[in-house]
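The structure appears right after this line, and notes come after that.
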Amino acid sequence: MGWDGFSGDEVAALTQGESFFAAPGERVCPACGERRLRAYVQSPANARRPTLVSYVWCTACRKFVGTRAKHPAGLIFSDPLAVLSVAERRELERSLVGFLAHLDQLWDSGVLPQSFVA
Ligand SMILES: [Zn+2]
């Protein structure tokens with residue numbers, strides 16, 4: 001099963017309300033209205049500047065958006081994918097479908113959401 005992108009209006013709606021870092025649980029999806037919206041962030045080690053890559057997806061309607069932003073100063077979080085080797089990680093990220101399925105699996109087993117300290 002494939003994934004669609006959120007529309008521009010939906011992406012704008014994602015930025016409203018309480019920060020994911022303050023309340024990292026599932027939230028209401030702007031596309032389908034189900035409380036099935038999830039997020040995972042990572043800080044790529046090879047980025048030239050401190051960067052935060054965010055993956056936001058809805059497990060109910062299967063919409064997805066990925067963004068890159070400046071890493072907020074002082075924001076610290078766990079990364080359950082950090083245990084993977086570079087090769088394992090590359091293999092996992094090769095397909096969006098497989099990557100998001102893996103993140104859902106981590107979420108459903110309680111490894112995600114991450115915890116944040118700001
Ligand atoms: Zn949805």
Side-chain angles (χ1 to χ4, degrees):
M1 225 189 345
W3 288 81
D4 278 329
F6 284 107
S7 72
D9 283 352
E10 288 160 358
V11 170
L14 291 174
T15 65
Q16 305 299 309
E18 197 171 12
S19 155
F20 179 74
F21 308 132
E26 287 182 318
R27 54 185 59 206
V28 173
C29 170
C32 71
E34 300 278 334
R35 185 174 286 278
R36 301 287 300 282
L37 190 73
R38 300 172 170 186
Y40 162 74
V41 300
Q42 68 179 57
S43 203
N46 56 357
R48 229 177 289 160
R49 280 169 295 164
T51 300
L52 194 67
V53 178
S54 308
Y55 300 87
V56 178
W57 72 100
C58 174
T59 55
C61 66
R62 298 181 71 83
K63 286 197 173 184
F64 161 84
V65 64
T67 56
R68 289 179 86 88
K70 185 175 173 293
H71 192 133
L75 180 72
I76 299 167
F77 53 85
S78 56
D79 182 0
L81 299 188
V83 297
L84 301 178
S85 71
V86 171
E88 285 170 330
R89 186 147 184 152
R90 194 178 300 137
E91 176 62 24
L92 186 61
E93 292 175 358
R94 202 168 49 82
S95 128
L96 179 67
V97 172
F99 185 58
L100 292 176
H102 186 74
L103 293 180
D104 265 335
Q105 203 183 330
L106 292 178
W107 195 292
D108 292 336
S109 60
V111 176
L112 289 175
Q114 294 146 288
S115 28
F116 297 88
V117 178

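Just follow the structure's listing: the first ligand is 1, and inside any ligand the first atom is 1. Sequence positions, counted from 1, serve as the residue numbers for this chain.
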Distance (rounded to the nearest 0.5 Å) between Ile76 CD1 and Ser115 OG: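 Output value for this atom pair is 11.5 Å.
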
Do Tyr40 and Phe99 come within less than 4.5 Å of each other through their side chains, counting heavy atoms only?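 Counting from C-beta outward, Tyr40 and Phe99 do come under 4.5 Å.
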
Asp9 side chain near Pro30 side chain, heavy-atom distance below 4.5 Å: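 A side-chain contact is absent here, since even the closest heavy-atom pair is not under 4.5 Å.
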
What verdict does the ring-ring contact (aromatic ring centres under 6.0 Å, His included) test give for Phe116 and Phe20, after you've listed the backbone C-alpha separation in whole Å, the side-chain angles of each residue and the deciding distance to 0.1 Å? CA-CA 9 Å; Phe116 297 88; Phe20 179 74; 5.7 Å; yes

Between Gln42 and Asp79, is there a donor-acceptor pair closer than 3.5 Å when you use the side chain of the first and the backbone of the second?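 Answer holds: no.
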
Do any N or O atoms from the side chain of Ser43 and from the backbone of Thr51 form a donor-acceptor pair under 3.5 angstrom?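 Yes: the side chain of Ser43 pairs with the backbone of Thr51.
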
Atoms named by residue and atom, protein N, O or S, within reach of the Zn ion (ligand 1) (under 2.8 Å):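 Correct list: Cys29 SG, Cys32 SG, Cys58 SG, Cys61 SG.
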
